Undergrad: 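Have a look at this one before I ask anything.
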Amino acid sequence: MALTDTVPAAAPPAHEGILRRQSLRESAARTYARSLPIVPVRARGLTIEGADGRRYLDCLSGAGTLALGHNHPVVLEAIRAVLDSGAPLHVLDLATPVKDAFTTELFATLPAELAESARVQFCGPAGTDAVEAAFKLVRTATGRDGLMAFSGAYHGMTADALAASGGAQRTGVVRLPYPYDYRCPFGVGGERGAELAARWTRSLLDDHKSGVPRPAGMILEPVQGEGGVIPAPDSWLRQMRELTASRQIPLIVDEVQTGVGRTGTFWAIDRSGIVPDVLVLSKAIGGSLPLAVIVYREELDAWQPGAHAGTFRGNQLAMAAGAATLAYVRANGLAERAGELGGRMLARLEALAASHDCIGDVRGRGLMLGLELVDRDADADATGARPADPRLAAAVQQACLDRGLIVELGGRHSAVVRLLPPLTITDEQADAILDRLADAVTAAVRTTPGPTGSSATTLRGTTP
């Protein structure tokens, strides 16, 4: 080669080109792709392999969609069976054997009081579509228009679902206080804080000068997910059920993320024993494919034919995958397993918090866990809570990714690190997740400036 010849520059790895083209072509609304710049090419169970050859433990699980993890054999078998049968894949809302099998399996998991006389409406493919359907249903049934929702809620991204969520800017939805032990809106926390939240709701409904007319319905999450992994106390849930039932207000429970064993019972409402008037379901019920339904008491079924429709309500592959997932979770006691393993993981997170001042709170139910990162150098309020530290949370998420662990952020200030592993993880995998997380927290603490520019959080018992 002559001295004047140039050496061709090495082509960038294929995954970098894919990421670059995504950033050029997709909208500014993309979310996960920003904080998780990976290109998945293979996946099984808890593990994802990227185009760069790296392997990751996936504690995002499709935002809670993958109850059995990626490509579980029973899900793949159910999908292949439909494909090999020659059955139609698109059927609108026509009856099919696949749909009948899914509905039968779904009803077998419901509280008996609801299942014995329930109706089901297949909606569009996402949870937000089911939320919209629930709102339309209760408005039709009651002849009323208003809705009640809770601070910190997340119900979706379509118009009414977003209006009932915590980030709404303009809305006619009445906002109620949700019990949040670490950041209690009443400054007391615990059972007293939950009791005051219930008292406030009761006062609004019963005071004819409150300016709040009787609504068409109330919607709540048994555990707020995007709101920061905040479990509602069982006693508070029972009070919400009692006060809505006694005032003929339909209670809508959003179990899009908490359902199918995630929180240690098959449905999160099973823990408190409440039976809602409308149950909103999506994510895991489709076995990794798009599916959303509402299940509701038959006395609310006031719709006329065609009052709620949608072209893609009859997703046969999702129904087959969903039925297989529901049956597998039920037959193998995965809800109970999630409760037991989640309890052990929560105990380890509490031990981690005891050694790191930057962890203000750890909480969760089953395999829906979160740790809230705070500014340890700031003054705590009267209840002991410190300001959230979203910069540290982002650093922890990045440090987790560097160590091959995928986690999500949530909460009021995106300062809650969330864990949503598949229900099928082993004890060894759970330990690996927590080991990597602990290492990531320690690394992020040492490298991230605090919100005020001072040394960030430090390990308890050490000096900056």
Side-chain angles (χ1 to χ4, degrees), residues 93 103 106-107 109-124 126-150 153-156 158-165 173-174 176 178 201 205 214-225 232 237-260 265-285 291-304 307-310 313:
D93 68 351
T103 305
L106 175 63
F107 274 48
T109 70
L110 299 174
E113 183 182 335
L114 179 60
E116 64 188 13
S117 62
R119 295 290 183 268
V120 61
Q121 170 70 26
F122 288 82
C123 308
T128 190
D129 303 304
V131 169
E132 297 282 347
F135 291 166
K136 183 189 290 186
L137 174 74
V138 297
R139 284 168 170 155
T140 301
T142 65
R144 303 190 292 268
D145 186 64
L147 294 166
M148 284 185 155
F150 291 87
Y154 178 77
H155 297 293
T158 50
D160 274 356
L162 187 60
S165 299
V173 177
V174 174
L176 303 168
Y178 190 91
T201 301
L205 287 170
R214 188 165 52 147
M218 173 191 286
I219 186 168
L220 61 81
E221 299 160 275
V223 181
Q224 288 191 343
L237 287 170
R238 294 186 191 109
Q239 288 186 75
M240 293 304 101
R241 175 65 285 189
E242 184 280 324
L243 71 83
T244 52
S246 62
R247 293 159 180 80
Q248 292 78 52
I249 300 170
L251 177 63
I252 305 166
V253 173
D254 182 342
E255 289 242 25
V256 168
Q257 191 165 107
T258 56
V260 193
T265 51
F266 204 99
W267 306 110
I269 54 171
D270 294 339
R271 175 187 167 107
S272 63
I274 69 168
V275 180
D277 301 294
V278 186
L279 197 57
V280 178
L281 308 174
S282 187
K283 290 190 184 291
I285 67 164
L291 188 62
V293 305
I294 56 173
V295 181
Y296 54 92
R297 296 183 187 272
E298 63 177 343
E299 53 265 32
L300 294 176
D301 200 23
W303 276 334
Q304 296 298 312
H308 195 74
R313 290 176 292 159

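Quick caveat, the model's predicted, so the values are computed rather than measured. This chain uses plain numbering: 1 for the first residue, then up along the sequence.
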Undergrad: So which atom in Phe135 and which in Ala164 form the shortest heavy-atom distance, rounded to 0.1 Å?
TA: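 What the structure gives for the nearest pair is CZ-CB, 3.9 Å.
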Undergrad: In Å and rounded to the nearest 0.5 Å, what is the OH to CG distance from Tyr154 to Asp254?
TA: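 Answer rounded to 0.5 Å: 10.0 Å.
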Undergrad: Quick one: does any side-chain atom of Ser165 pair with a main-chain N or O of His155 as donor and acceptor, under 3.5 Å?
TA: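 Side chain of Ser165 to backbone of His155: a pair is present.
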Undergrad: What class does the angle between the rings of Phe150 and Tyr178 fall in, given that below 30° is parallel, 30 to 60° is tilted and above 60° is perpendicular?
TA: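 Rings of Phe150 and Tyr178: perpendicular, over 60°.
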Undergrad: Do you know which two heavy atoms are closest between Ile249 and Arg241, and how far apart they sit?
TA: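 Heavy atoms of Ile249 and Arg241 come nearest at O-NH2, 4.0 Å.
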Undergrad: Given 3.5 Å as the limit, does a donor-acceptor pair link the side chain of Glu255 with the main chain of Leu279, or not?
TA: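 The answer is no, because no donor-acceptor pair under 3.5 Å joins these two groups.
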Undergrad: Is the closest side-chain heavy-atom distance between Thr201 and Gln239 below 4.5 Å?
TA: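 No, too far: nothing below the 4.5 Å cut-off.
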Undergrad: Tell me, do Thr140 and His308 make a side-chain contact under 4.5 Å, heavy atoms counted?
TA: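 Sidechains of His308 and Thr140: no contact.
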Undergrad: May I ask you to check whether over 12 heavy atoms, not counting those of Glu299, lie within 6.0 Å of atom CD?
TA: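 Enclosed.
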Undergrad: Rounded to the nearest 0.5 Å, how far apart are CG of Leu114 and OG1 of Thr109?
TA: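 That separation rounds to 9.5 Å.
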Undergrad: Taking the side chain as everything from C-beta on, heavy atoms only, tell me whether Pro250 gets closer than 4.5 Å to Leu300.
TA: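 Yes; the side chains approach each other to less than 4.5 Å.
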Undergrad: What are the two closest non-hydrogen atoms of Pro111 and Asp270, and how far apart are they?
TA: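 So the two residues come closest at CG-OD1, 3.9 Å.
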Undergrad: Enter the distance from Thr244:OG1 to Ile252:CD1 here, rounded to the nearest 0.5 Å.
TA: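 The OG1 atom of Thr244 sits 10.5 Å away from the CD1 atom of Ile252.
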Undergrad: Find the distance between CD (Gln121) and CG (Asp93) and round it off to the nearest 0.5 Å.
TA: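 Result: 8.0 Å between the selected atoms.
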Undergrad: Do you know which two heavy atoms are closest between Ala133 and Trp303, and how far apart they sit?
TA: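 Closest approach of Ala133 to Trp303, heavy atoms only: O-CZ2, 3.5 Å.
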Undergrad: Side chain of Arg247, backbone of Arg214: donor and acceptor closer than 3.5 Å?
TA: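 Judged by distance alone, no pair lies under 3.5 Å.
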Undergrad: Pair Met218, Leu176 - check side chain to side chain contact (heavy atoms under 4.5 Å, CB included), show working.
TA: CA-CA 10 Å; Met218 173 191 286; Leu176 303 168; 4.0 Å; yes
Undergrad: Using a 4.5 Å cut-off on heavy atoms from C-beta on, say whether the side chain of Leu281 contacts that of Leu106.
TA: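 Side chain of Leu106 against side chain of Leu281, heavy atoms only: contact under 4.5 Å found.
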Undergrad: Just by modelled atom types, is the Tyr296 backbone N or O under 3.5 Å from a matching donor or acceptor in the Arg119 side chain?
TA: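 Between the backbone of Tyr296 and the side chain of Arg119 there is no qualifying donor-acceptor contact (under 3.5 Å).
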Undergrad: Do the non-hydrogen side-chain atoms of Val131 and Asp160 ever get within less than 4.5 Å of each other?
TA: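 Val131 does not reach Asp160 side chain to side chain.
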Undergrad: Show the nearest heavy-atom pair for residues Thr265 and Ala268, with the distance to one decimal.
TA: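 Scanning both residues completely, I find the closest heavy atoms to be OG1-CA, 3.8 Å.
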Undergrad: Which pair of non-hydrogen atoms, one from Ala292 and one from Ala126, has the smallest distance, and what is that distance?
TA: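 Taking Ala292 first and Ala126 second, the nearest heavy atoms are CB-O, 3.2 Å.
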Undergrad: If we ignore hydrogens and angles and just use 3.5 Å, is the side chain of Gln257 paired with the main-chain N or O of Lys283 as donor and acceptor?
TA: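 Judged by distance alone, no pair lies under 3.5 Å.
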Undergrad: Nearest 0.5 Å, what's the CG-CD distance between Asp277 and Gln248?
TA: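 CD of Gln248 is found 10.5 Å from CG of Asp277.
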Undergrad: Tell me whether Glu221 contacts the main-chain N or O of Thr258 through its side chain, where contact means a donor paired with an acceptor under 3.5 Å.
TA: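 Here the side-chain-to-backbone pair does not exist.
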Undergrad: Can any side-chain N or O of Ser117 pair as donor or acceptor with the backbone N or O of Glu298 at less than 3.5 Å?
TA: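 Side chain of Ser117 to backbone of Glu298: no pair is present.
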Undergrad: Can you check whether Leu220 reaches Leu237 side chain to side chain, under 4.5 Å on heavy atoms?
TA: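 Leu220 vs Leu237: side chains touch.
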Undergrad: Would you mind reporting whether Arg139 and Leu147 have side-chain heavy atoms less than 4.5 Å apart?
TA: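 SC-SC contact between Leu147 and Arg139 confirmed.
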Undergrad: Does the side chain of Val278 reach to within under 4.5 Å of the side chain of Val253, using non-hydrogen atoms?
TA: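 Sidechains of Val253 and Val278: no contact.
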Undergrad: Among residues at least two apart in sequence or on other chains, which ones pass ring-ring contact (aromatic ring centres under 6.0 Å, His included) with Phe266?
TA: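 For Phe266, no residue satisfies ring-ring contact (aromatic ring centres under 6.0 Å, His included) once neighbours in sequence are set aside.
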Undergrad: If the test is side chain to side chain contact (heavy atoms under 4.5 Å, CB included), which one of Val293, Ile294, Leu110 qualifies with Val120?
TA: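 Testing each of Val293, Ile294, Leu110 against Val120, the sole residue satisfying side chain to side chain contact (heavy atoms under 4.5 Å, CB included) is Val293.
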